[in-house]
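Read the structure below first, then the notes.
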Amino acid sequence: MTRILRAAATATALSTVLSACGGGPGGNASSGGGLVGGEVVSGTSQPTVTSTTSTATPGEAIAWGPCTDIKRPGGEAPAKPEPAQQCGKLKVPLDYARPDGESIEIAVIRVKATNPGRRIGSLVFNFGGPGASGVDTMAQAAKAFTTLNGRFDLVSFDPRGVGRSDGVRCGDNAVMDRFTSMDTLPANETERARSRQITREFVTACGQTSGRLLPYVGTVNAAADMDRLRAALGEKQLNYFGISYGTQLGAVYATRFPRNVGRFVLDAPLDPSVTMATRTMVQTKGFQHAYDAFLKDCAKQPRECEIGSDATIANKNVMKLMDELNDKPLKVGGRLLTQGLAGIGIAAALYSKMTWPLLDQALSQAMKGDGRILLALADSYNGRQPDGNYTTLMSSFPAISCVDTAERPTPEQLTALENETLKVSPLFGGAGMGLICSMWPVRGSDAARQINATGSAPILVIGGTGDPATPYEWAPKLAGELRTGVLVTYKGEGHGAYLSGDTCVKKLTDAYLIDGKVPDRGIVCTGS
């Protein structure tokens with residue numbers, strides 16, 4: 001069983017952290033415009049337009065050294081530093097409106113190009129979230145980008161408010177355990193009141209533990225940090241690969257610094273312009289679509305599908321399990337597998353088709369009274385490590401998401417949204433990020449929702465038709481909002497196309513990044 005639990009953590013490291021969605025399904029997981037480039041003041045006020053080129057001082061540099069605190073997918077530290085990996089810190093202003101005031105440090109990692117004689121430059125990654133550690137993920141995932149690593153230094157970072165970069169924390173482990181395990185499908189008003197109480201406890205803890213940082217962790221400030229990173233790396237233009245939430249960060253960067261855009265890939269794109277309610281509804285549909293596809297795929301081999309002989313029976317068995325967990329959580333050692341944790345575990349495994357067989361096994365074992373695999377999937381998604389400590393993922397995620405929108409839904413709006421999404425999906429319906437943001441202690445801004453990269457180089461936007469977390473309809477929307485977007489469609493399942501194994505997507509992306517060859521508009525990769 002230890003091997004199975006490690007497999008669960010490893011599989012979801014690629015399907016959630018590597019391509020974390022920036023929203024997740026409903027429950028407790030998360031406007032094209034004409035702004036010109038510029039810096040931003042604190043997250044509590046609107047951006048101040050200044051330069052359209054650089055926020056960085058030419059003399060800034062990063063002192064590189066060994067990476068000594070990398071975390072592996074199971075939460076354990078590596079036996080020794082990898083010689084090919086180098087880590088460092090970049091100093092940036094906490095508040096760009098006061099550039100000479102308090103500063104914070106951004107943690108950075110790079111993997112040097114393996115063919116230095118043909119090195120093009122640096123390729124900066126953001127793997128998603130918001131809230132995933134780019135440092136840990138790059139250390140784990142660099143081998144998945146071997147072709148690109150031949151010509152580029154692969155670079156990533158923990159965005160402000162994440163991990164080593166003054167990571168946001170929302171109370172202690174007990175607070176986090178209550179928050180992540182609460183039921184996401186409350187059956188009555190008493191349960192809804194309990195969910196609101198737990199959410200308020202979590203939000204209050206965020207303000208108490210990290211109140212100094214909360215106004216400054218938004219995507220617009222992170223984009224300004226990324227331009228400082230570009231300059232510190234000695235690059236005239238930024239070459240960038242963003243996945244999931246990383247596409248929003250890339251789009252905001254391209255909007256504010258269009259002349260600094262080099263070769264940009266935005267894979268599994270979000271549409272930053274949509275309202276919170278629309279995002280919740282679209283993602284609910286996306287996860288339900290992926291869940292239905294999982295059931296159908298499982299039932300194609302009825303003798304091997306452990307949860308049911310056909311999709312209808314399998315779904316009835318899953319919903320019966322969720323009802324039972326709502327009434328009586330399942331003991332797993334000294335912990336409980338709640339309905340909420342089970343739902344998160346299911347969603348985590350839907351991010352990649354590779355983890356569908358594991359999900360079948362996890363559900364069937366839970367139906368027999370063994371919730372260990374399903375709990376391991378949920379823990380991996382939530383950033384809960386084997387020792388019971390949490391990464392900053394589930395704290396920085398709402399902190400960034402709520403600063404990135406001025407929306408603060410009313411209780412009536414939240415109830416209406418929950419009812420609508422439950423009609424679409426009894427398994428994944430909910431109010432999304434709305435409940436948390438309605439209580440958030442910091443005023444948000446819509447600056448990160450205003451996208452227009454007019455004047456930038458062409459930006460490659462890749463959308464997957466079977467993506468549960470960032471549904472395909474957002475890909476053409478973002479390409480249009482950018483004005484310079486070139487859309488490639490991937491017909492396949494899972495969150496993120498480049499790491500799906502599809503040779504068409506990989507060939508087009510590598511040719512664009514390495515050779516500068518912009519794909520023709522309207523290309524469709526049919527999956528391989």
Side-chain angles (χ1 to χ4, degrees), residues 16 21 23-30 131 168-209 280 283-284 287 318-319 321-348 366 371 374-384 388-399 401-402 409 411 414-415 417-419 421-422 425-441:
T16 60
C21 73
N28 63 338
S30 138
V168 171
R169 293 200 177 271
C170 296
D172 58 17
N173 292 336
V175 171
M176 293 300 299
D177 277 342
R178 285 192 290 275
F179 175 67
T180 58
S181 64
M182 70 178 181
D183 288 345
T184 55
L185 303 172
N188 51 52
E189 188 53 41
T190 300
E191 291 187 7
R192 287 191 184 91
R194 175 64 175 158
S195 295
R196 289 194 294 268
Q197 177 186 342
I198 293 172
T199 302
R200 187 169 296 282
E201 176 192 35
F202 171 82
V203 170
T204 300
C206 291
Q208 292 172 343
T209 310
T280 301
Q283 288 186 318
T284 300
F287 275 92
V318 172
M319 297 309 297
L321 171 66
M322 299 299 280
D323 288 341
E324 291 172 349
L325 291 174
N326 188 64
D327 295 333
K328 185 179 180 181
L330 193 60
K331 287 186 178 181
V332 181
R335 299 175 61 199
L336 294 174
L337 176 67
T338 64
Q339 173 268 313
L341 286 170
I344 290 169
I346 294 170
L374 207 52
L375 184 60
L377 286 164
D379 284 350
S380 179
Y381 190 98
N382 288 329
R384 191 184 195 275
N389 290 317
Y390 283 80
T391 68
T392 64
L393 176 61
M394 291 305 287
S395 297
S396 53
F397 171 66
S401 299
C402 292
L414 293 172
T415 299
L417 177 59
E418 182 177 291
N419 291 338
T421 56
L422 286 171
S425 173
L427 184 57
F428 299 114
M433 283 299 300
L435 179 60
I436 300 174
C437 291
S438 70
M439 302 177 181
W440 201 247

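Worth saying up front: this structure is predicted, and the values here are computed from it rather than measured.
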Query raised in the report: Has the side chain of Ser395 got a donor or acceptor atom that lies under 3.5 Å from a matching backbone atom of Cys170?
Result: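 Answer holds: yes.
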Report task. Could you walk me through whether Asp177 and Arg384 pass the salt bridge (charged side-chain N to carboxylate O under 4.0 Å, His left out) test, one step at a time? Result -> CA-CA 9 Å; Asp177 277 342; Arg384 191 184 195 275; 2.9 Å; yes
Under the side chain to side chain contact (heavy atoms under 4.5 Å, CB included) test, which residues partner [X], sequence neighbours left out?
| X | value |
| --- | --- |
| Pro441 | Val203, Leu214 |
| Pro329 | Leu336, Thr338 |
| Thr415 | Asn419 |
| Thr392 | Val162, Arg169, Ser396 |

Taking all non-hydrogen atoms of both residues, which atom of [X] and which atom of [Y] are closest, and how far apart?
| X | Y | value |
| --- | --- | --- |
| Ser195 | Met182 | O-SD, 3.7 Å |
| Asp172 | Val175 | OD1-N, 3.0 Å |
| Trp440 | Ala399 | CZ2-CA, 3.4 Å |
| Gln339 | Met322 | O-CE, 3.5 Å |
| Leu337 | Leu325 | O-CD2, 3.4 Å |
| Tyr381 | Met394 | O-SD, 4.2 Å |

Query raised in the report: Heavy-atom distance under 4.5 Å between the side chains of Leu374 and Leu330, does that happen here?
Result: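 No, side chains not in contact.
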Query raised in the report: How would you list, by chain and number, every residue that makes a side-chain hydrogen bond (donor to acceptor under 3.5 Å, both in side chains) with Asn173, sequence neighbours excluded?
Result: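 Asn173 satisfies side-chain hydrogen bond (donor to acceptor under 3.5 Å, both in side chains) with Asn389 only.
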Requested in this report: Taking side-chain hydrogen bond (donor to acceptor under 3.5 Å, both in side chains) as the test, write out the residues that go with Thr209, two or more places apart.
Outcome: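 Partners of Thr209 by the side-chain hydrogen bond (donor to acceptor under 3.5 Å, both in side chains) criterion come out as none, since no residue qualifies.
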Query raised in the report: What pairs of residues pass the salt bridge (charged side-chain N to carboxylate O under 4.0 Å, His left out) test when at least one of them lies in residues 324-339, not counting sequence neighbours?
Result: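 Qualifying pairs: Lys320-Glu324, Arg335-Asp379.
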Query raised in the report: salt bridge (charged side-chain N to carboxylate O under 4.0 Å, His left out): which pairs involve residues 428-437, sequence neighbours left out?
Result: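 Applying salt bridge (charged side-chain N to carboxylate O under 4.0 Å, His left out) to every pair that reaches into residues 428-437, excluding sequence neighbours, yields nothing.
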Report task. Taking salt bridge (charged side-chain N to carboxylate O under 4.0 Å, His left out) as the test, write out the residues that go with Arg196, two or more places apart. Result ->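 Arg196: salt bridge (charged side-chain N to carboxylate O under 4.0 Å, His left out) contacts with Glu189.
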Query raised in the report: Partners of Arg178 by salt bridge (charged side-chain N to carboxylate O under 4.0 Å, His left out), sequence neighbours excluded?
Result: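 With sequence neighbours excluded, Arg178 shows a salt bridge (charged side-chain N to carboxylate O under 4.0 Å, His left out) to Glu201, given in chain and number order.
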Enter the distance from [X]:[atom1] to [Y]:[atom2] here, rounded to the nearest 0.5 Å.
| X | Y | atom1 | atom2 | value |
| --- | --- | --- | --- | --- |
| Leu422 | Leu417 | CG | CG | 9.0 Å |
| Met176 | Leu393 | CE | CG | 8.5 Å |
| Ser181 | Ile198 | OG | CD1 | 6.5 Å |
| Phe397 | Asn382 | CZ | CG | 11.0 Å |

Acceptor/donor pairs from residues 428-437 side chains to any protein atom, 3.5 angstrom cut, sequence neighbours excluded:
none

